[in-house]
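Below is one structure, written out as structure tokens, with a few remarks after it.
Predicted, not measured: the structure shown is a model, and the values here were computed from it.
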Amino acid sequence: AAAAVAAARSSSSGSSSSAGSSRSSGGGSRAVSAPRWTGGGGWSAAKGQRAADLAMQWLGLPYSWGGGNASGPTWGTDGPVGFDCSGLALWASAQVGVYLPHYSGYQYRSGRHISRGNLMPGDLVFWAYDPSDPGTIHHVAIYIGGGRIVQAPQTGDVVKISYMWSNGYIGAARPGT
């Protein structure tokens, strides 16, 4: 994990932002080699676990608004090279063959909704300013089990593991279902 973070950080030296107005593109990133999923199509518990495990290799990588795509961390709108919350979810899902948009509100609609009691590793969990209105979703994280998530929380923070919280929780989706 430390090597992956170091590689992503070192790739940002001497690069400049090319993200422009597109949240899913950006220059200056170097993808970490993660073998593509070969376990078949559709969602499975093994696929969800693999996505969750892969996301954890980025622990300690800086949050970067607009950062991240299917190839790995990218230069965000104002740097540094890293992930925002939906970029981390997008990347982890892409590694197991599920392709998501780079916006948490759209990711919420990317799969079957799952009750909190039925969460499995790899499910995406969401928070909103108004939990009765999906249009106010502002955060997504990847469930890893035991009430914990891996997330890229906010500017000034890093990819980290946290316990889920209730305030603003709107629900979960199982990507690709």
To the nearest 0.5 Å, tell me how far [X] [atom1] sits from [Y] [atom2].
X    : Y    : atom1 : atom2 : result
M120 : I144 : CE    : CD1   : 14.5 Å
I114 : T177 : CD1   : OG1   : 5.5 Å
R109 : S104 : CZ    : OG    : 9.5 Å
L88  : F83  : CG    : CZ    : 5.5 Å
I161 : I142 : CD1   : CD1   : 11.0 Å
M164 : R148 : CE    : CZ    : 12.5 Å

Aromatic plane relationship, H139 with W127 - under 30° parallel, 30 to 60° tilted, over 60° perpendicular: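 It falls in the tilted class, 30° to 60°.
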Pair S166-R116, side chain to side chain contact (heavy atoms under 4.5 Å, CB included): steps then yes or no: CA-CA 11 Å; S166 295; R116 195 166 180 163; 3.7 Å; yes
Starting from [Y], can I reach [X] by hopping between I/L/V/M/F/W/Y residues whose side chains sit under 4.5 Å apart?
X    : Y    : result
L100 : I149 : no
V140 : L61  : yes
Y143 : F126 : no
V125 : W165 : yes

Quick one: closest heavy-atom pair of [X] and [Y], and the distance?
X    : Y    : answer
L119 : A172 : CD2-CB, 3.4 Å
G111 : A173 : O-CB, 4.0 Å
T74  : G66  : OG1-O, 4.1 Å

Any residue meeting side-chain hydrogen bond (donor to acceptor under 3.5 Å, both in side chains) with N118, in chain and number order, not counting sequence neighbours: S115
Would you say the side chain of [Y] lies within less than 4.5 Å of the side chain of [X], judging by non-hydrogen atoms?
X    : Y    : answer
P175 : K47  : no
W91  : L54  : yes
I137 : Y106 : no
V98  : W43  : no
L90  : Q107 : yes
I170 : P134 : yes

Check whether [X] reaches the backbone of [Y] with its side chain - one donor and one acceptor, N or O, closer than 3.5 Å.
X    : Y   : answer
Q154 : D84 : no
H102 : N69 : no
S64  : P80 : yes

